[in-house]
Peer 1: 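Pasting in a structure now, in structure tokens, and then I'll have a few things to ask.
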Amino acid sequence: MSYWRIRVTLSDDQHSLALFNDALALRPVSLVRLESRGSDVSEMSAEVIVGLHHDEHLGDMLSALHHLSRQVHVSRASPEAVAASVPQPAARS
């Protein structure tokens, strides 16, 4: 499985967030992080890590994300980064 880290700049509104969710639907996403870009900017940054077998559907997913934003940054993610992004259960004492 190949892991991809994708960062996107989106409009800070419910419609853009819904389209973002649709673009990622049915994909094995292990991390979603949304951050406001500030009160004076109506944009947010979104970061996801996606695992794809044989990179299938990567082009389709990126095309859908490019319809939302001109700023789509893609890089490989290591399995270690994926493991670190998954919340670990709290240790019991």
Side-chain angles (χ1 to χ4, degrees):
M1 180 173 292
S2 297
Y3 294 100
W4 298 93
R5 181 182 311 272
I6 302 170
R7 293 187 184 124
V8 182
T9 301
L10 303 169
S11 294
D12 192 2
D13 60 57
Q14 291 300 320
H15 180 69
S16 294
L17 189 56
L19 292 174
F20 177 70
N21 287 332
D22 288 347
L24 298 176
L26 305 176
R27 308 287 192 267
V29 176
S30 60
L31 167 76
V32 176
R33 184 176 318 158
L34 299 171
E35 296 179 9
S36 175
R37 304 217 36 204
S39 60
D40 59 334
V41 180
S42 62
E43 294 179 331
M44 71 173 105
S45 295
E47 179 180 346
V48 297
I49 295 180
V50 180
L52 300 173
H53 292 286
H54 308 292
D55 302 333
E56 79 280 9
H57 307 294
L58 180 62
D60 294 338
M61 183 176 55
L62 292 177
S63 178
L65 292 172
H66 272 292
H67 283 290
L68 296 171
S69 174
R70 289 189 240 172
Q71 297 180 18
V72 178
H73 304 277
V74 182
S75 61
R76 290 265 189 181
S78 68
E80 294 81 16
V82 174
S85 70
V86 176
Q88 301 298 317
R92 294 187 179 191
S93 44

Peer 1: Honestly curious: do Y3 and L62 fall in one hydrophobic cluster under the side-chain, below-4.5 Å linking rule?
Peer 2: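 Not linked; separate clusters.
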Peer 1: Count I, L, V, M, F, W, Y as connected when their side-chain heavy atoms are under 4.5 Å apart, and connections chain through other members. Are L34 and V72 then in the same cluster?
Peer 2: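 Both belong to a single hydrophobic cluster.
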Peer 1: What distance separates L65 CG from D60 CG, expressed to the nearest 0.5 Å?
Peer 2: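 Nearest 0.5 Å value for the CG-CG distance: 11.0 Å.
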Peer 1: Got a sec, which residues hit side chain to side chain contact (heavy atoms under 4.5 Å, CB included) with T9, two or more places apart in sequence or on another chain?
Peer 2: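 By the side chain to side chain contact (heavy atoms under 4.5 Å, CB included) rule, T9 matches R37, E43, S69, Q71.
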Peer 1: Just wondering, do L19 and H67 contact through their side chains at under 4.5 Å, heavy atoms?
Peer 2: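 No, their side chains stay 4.5 Å or more apart.
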Peer 1: Are V48 and W4 side-chain neighbours, meaning at least one heavy-atom pair lies under 4.5 Å?
Peer 2: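 Answer no - side chains too far apart.
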Peer 1: For a quick test of reading the model, state the closest non-hydrogen atom pair linking P28 to G51 and the distance between them.
Peer 2: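 Minimum heavy-atom separation between P28 and G51: CG-O, 2.5 Å.
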Peer 1: If you measure from CD on E35 to CZ on R7, what distance do you get to the nearest 0.5 Å?
Peer 2: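 Going from the CD atom of E35 to the CZ atom of R7 covers 9.5 Å.
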Peer 1: In Å, rounded to the nearest 0.5 Å, how long is the span from CG of L10 to OG of S42?
Peer 2: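 The OG atom of S42 is 11.5 Å from CG of L10, to the nearest 0.5 Å.
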Peer 1: What residues, two or more places apart in sequence or in another chain, satisfy side chain to side chain contact (heavy atoms under 4.5 Å, CB included) together with D12?
Peer 2: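 For D12, the residues satisfying side chain to side chain contact (heavy atoms under 4.5 Å, CB included) (neighbours in sequence not counted) are S36, M44.
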Peer 1: Is there side-chain contact between I6 and L24, with heavy atoms separated by less than 4.5 Å?
Peer 2: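 Not in contact.
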Peer 1: How close do L31 and V29 get, heavy atom to heavy atom, and via which atoms?
Peer 2: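 For L31 versus V29, the nearest heavy atoms are O-CG1, 3.3 Å.
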Peer 1: Would you say the side-chain atoms of S2 and R76 include a donor-acceptor pair closer than 3.5 Å?
Peer 2: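 Their side chains do contain a donor-acceptor pair, which is all the 3.5 Å distance test asks for.
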Peer 1: Spell out, yes or no, whether L68 and V32 are grouped together once hydrophobic residues are joined by side-chain heavy atoms under 4.5 Å, including indirect joins.
Peer 2: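 Both belong to a single hydrophobic cluster.
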Peer 1: Linking I/L/V/M/F/W/Y whenever their side-chain heavy atoms sit closer than 4.5 Å, directly or via other members, would I49 and M61 fall into one cluster?
Peer 2: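 Looking at the clustering, M61 is in a separate group from I49.
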